[in-house]
Amino acid sequence: MKIVEAPSGWPVNEEEALAVQDELRARVVLDEPGPPVGTGLVTGVDVAYDDDRDVVAAAAVVLDAETLTVVEEATAIGRITFPYVPGLLAFREIPTVLAALESLTAGPGLVLCDGYGLAHPRRFGLASHLGVLTGLPSIGVAKNPFVFTYGELGPERGDVAPLLADDGEEVGRALRTQQGVKPVFVSAGHRVTLDSACAHTLRLAPEFRVPQTTRRADALCRRALAEATGV
DNA sequence: GCGACAG
DNA sequence: ATCTTGTCGC
């Protein structure tokens with residue numbers, strides 16, 4: 001399999017990355033409701049790293065949104081070209097994720113990312129960035145609250161609490177997807193509303209805390225990394 | 001200056 | 001993210 005390299009002009013340091021975020025953030029669309037829940041296709045993307053070898057594996061798994069069965073899977077192997085910096089995660093992941101998405105036959109439909117969208121220091125997290133570059137509706141689902149705070153939420157599946165920035169703005173939502181488990185943290189990426197993002201996330205997590213899209217993509221990119229790196 | 005900080 | 005054993009539970 002071909003090794004994905006960052007496109008020419010891709011940021012190589014923090015200063016360039018911040019400038020790119022500052023420019024692209026204006027292209028995020030937030031006034032579209034997004035696709036209806038439970039219909040069409042929904043795609044999960046995730047990556048796994050081998051920092052010692054500078055290798056990153058990305059996976060895209062397309063699910064039927066109604067049945068949550070796998071429609072198609074794709075992977076890509078890339079070279080790590082950017083360090084992990086909180087707030088700049090997209091620059092580490094996106095080139096390889098894009099390659100995986102582009103090799104799909106089926107239209108990705110709605111894309112779910114492992115990380116944040118609007119809930120980001122500059123309101124332009126991974127999910128928003130990927131959405132703007134592809135034009136696809138996207139959602140960010142993260143497993144911890146990052147730099148944000150959230151209030152108490154009920155113990156039942158579907159219970160929510162606003163995810164708040166320093167200035168009190170609701171940048172996302174803590175969402176309990178299973179009774180008695182820690183919530184996940186949902187934010188709009190591109191071309192979806194927060195309400196819609198939460199509804200999709202809940203629908204995609206009928207059995208576990210993390211949505212099926214993310215679980216499937218996580219398992220697949222680990223497999224791809226092991227095959228590319230291991231024996 | 002120090003600590004915290006998606007994956 | 002990743003490094004890692006056993007262990008509790010469906």
Side-chain angles (χ1 to χ4, degrees), chain A residues 4 6 11 14 17-18 20-21 24-25 28 44-61 75-98 100 111-132 138-150 163-166 170-175 177-190 194 197-198 201 206-211 213-226 228-230:
Chain A
V4 176
E14 289 195 31
L18 291 171
V20 168
Q21 288 187 335
L24 293 184
R25 57 188 293 183
V28 176
V45 296
D46 194 17
V47 303
Y49 302 101
D50 184 331
D51 279 299
D52 293 329
R53 305 188 189 193
D54 268 15
V55 172
V56 53
V61 179
T75 61
I77 302 298
R79 202 126 272 157
I80 298 177
T81 61
F82 207 92
Y84 170 65
V85 178
L88 300 180
L89 182 61
F91 298 94
R92 202 167 148 78
E93 308 202 339
I94 281 188
T96 313
V97 167
L98 277 180
V111 177
L112 259 86
C113 297
D114 204 353
Y116 277 115
L118 265 184
H120 177 274
R122 290 166 295 282
R123 305 294 182 269
F124 194 69
L126 169 65
S128 298
H129 200 145
L130 189 61
V132 164
S138 63
I139 295 172
V141 179
K143 295 181 285 295
N144 74 57
F146 197 14
V147 296
F148 305 104
T149 59
Y150 63 103
L163 187 65
L164 303 171
D166 287 339
E170 182 183 32
V171 294
R173 212 164 274 164
L175 169 66
T177 53
Q178 298 293 317
Q179 183 181 86
V181 303
K182 293 187 306 179
V184 295
F185 302 89
V186 181
S187 55
H190 182 58
L194 180 55
C198 289
T201 301
E207 192 176 1
F208 302 102
R209 177 168 94 110
V210 171
T213 39
T214 302
R215 300 185 94 239
R216 289 244 154 79
D218 179 71
L220 181 56
C221 68
R222 287 180 197 240
R223 246 179 288 146
L225 182 65
T229 279

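Since we're looking at a predicted model, the values are computed, not measured. Chain naming here is simple, since letters A, B, ... match the order of the sequence lines and numbering starts at 1 in each.
- For V147(A), whose side chain is taken as the heavy atoms from C-beta onward, the closest listed nucleotide among dG7(B), dC5(B), dA6(B) is dC5(B).
- In this structure, G140(A) reaches neither bases nor backbone, as no heavy-atom distance under 4.0 Å exists between it and the strands shown.
- When the C1' atom of dG7(B) is taken as reference, atom CG of N144(A) falls 9 Å away, rounded to whole Å.
- Using a 4.0 Å heavy-atom distance criterion, L163(A) is classed as making no nucleic acid contact.
- Rounded to a whole Å, the CG atom of D54(A) is 15 Å from the C1' atom of dT2(C).
- In this model, the phosphate group of dT2(C) is approached by a side-chain N or O of R222(A) to a distance below 4.0 Å at OP1 or OP2.
- With rounding to whole Å, Y49(A) atom OH is found 7 Å from dA1(C) atom C1'.
- Side-chain N or O atoms of S187(A) include one that pairs as donor or acceptor with a backbone N or O of G117(A) at under 3.5 Å.
- Here the P atom of nucleotide dA1(C) and the CZ atom of R92(A) are 12 Å apart, to the nearest Å.
- Taking both residues in full, the closest heavy atoms of G189(A) and S128(A) are given as O-OG, 2.9 Å, listed atom of the first, atom of the second, then distance.
- We find that D114(A) and K143(A) are joined by a salt bridge, their nearest charged nitrogen and carboxylate oxygen being less than 4.0 Å apart.
- Contact record, C113(A) with A127(A): SG-CA, 3.7 Å, taken as the closest heavy-atom pair.
- Here the C1' atom of nucleotide dA6(B) and the CZ atom of R123(A) are 14 Å apart, to the nearest Å.
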Enumerate the protein-to-nucleotides 8-10 of chain C contacts in which both atoms are nitrogen or oxygen and the separation is below 3.5 Å.
none

Tabulate atom names and distances for all N/O pairs under 3.5 angstrom spanning the protein and nucleotides 3-7 of chain C.
none

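- Stacking of Y84(A) onto the six-membered ring of dG7(B) is present: less than 5.5 angstrom between centres, less than 30° between planes.
- Of the side-chain N and O atoms in K143(A), none sit less than 4.0 angstrom from OP1 or OP2 of dA6(B).
- The CG-P distance, from L225(A) to dG7(B), rounds to 17 Å in whole Å.
- Spacing between atom CG of L118(A) and atom P of dA6(B) amounts to 18 Å, rounded to whole angstrom units.
- The aromatic ring centres of F185(A) and Y150(A) sit less than 6.0 Å apart.
- In plain terms, the two heavy atoms of V47(A) and V56(A) that are nearest each other are CB-CG2, 3.9 Å.
- Counting non-hydrogen atoms under 4.0 angstrom, A48(A) reaches the backbone sugars and phosphates but no base.
- Rounded to an integer number of Å, the gap from CG of L130(A) to C1' of dA6(B) is 14 Å.
- Below 30°, between 30° and 60°, or above 60°: for H129(A) and F124(A) the angle between ring planes is between 30° and 60°, a tilted geometry.
- Minimum interatomic distance between F82(A) and E14(A) (heavy atoms only, all atoms of both residues): CZ-N, 4.1 Å.
- Residue D46(A) is classed as a sugar-phosphate contact, given heavy-atom separations below 4.0 Å to backbone atoms only.
- Across A217(A) and A59(A), no two heavy atoms sit closer than the pair O-CB, 3.5 Å.
- A pairwise comparison of heavy atoms in A228(A) and I77(A) identifies CB-CD1, 3.7 Å as the closest pair.
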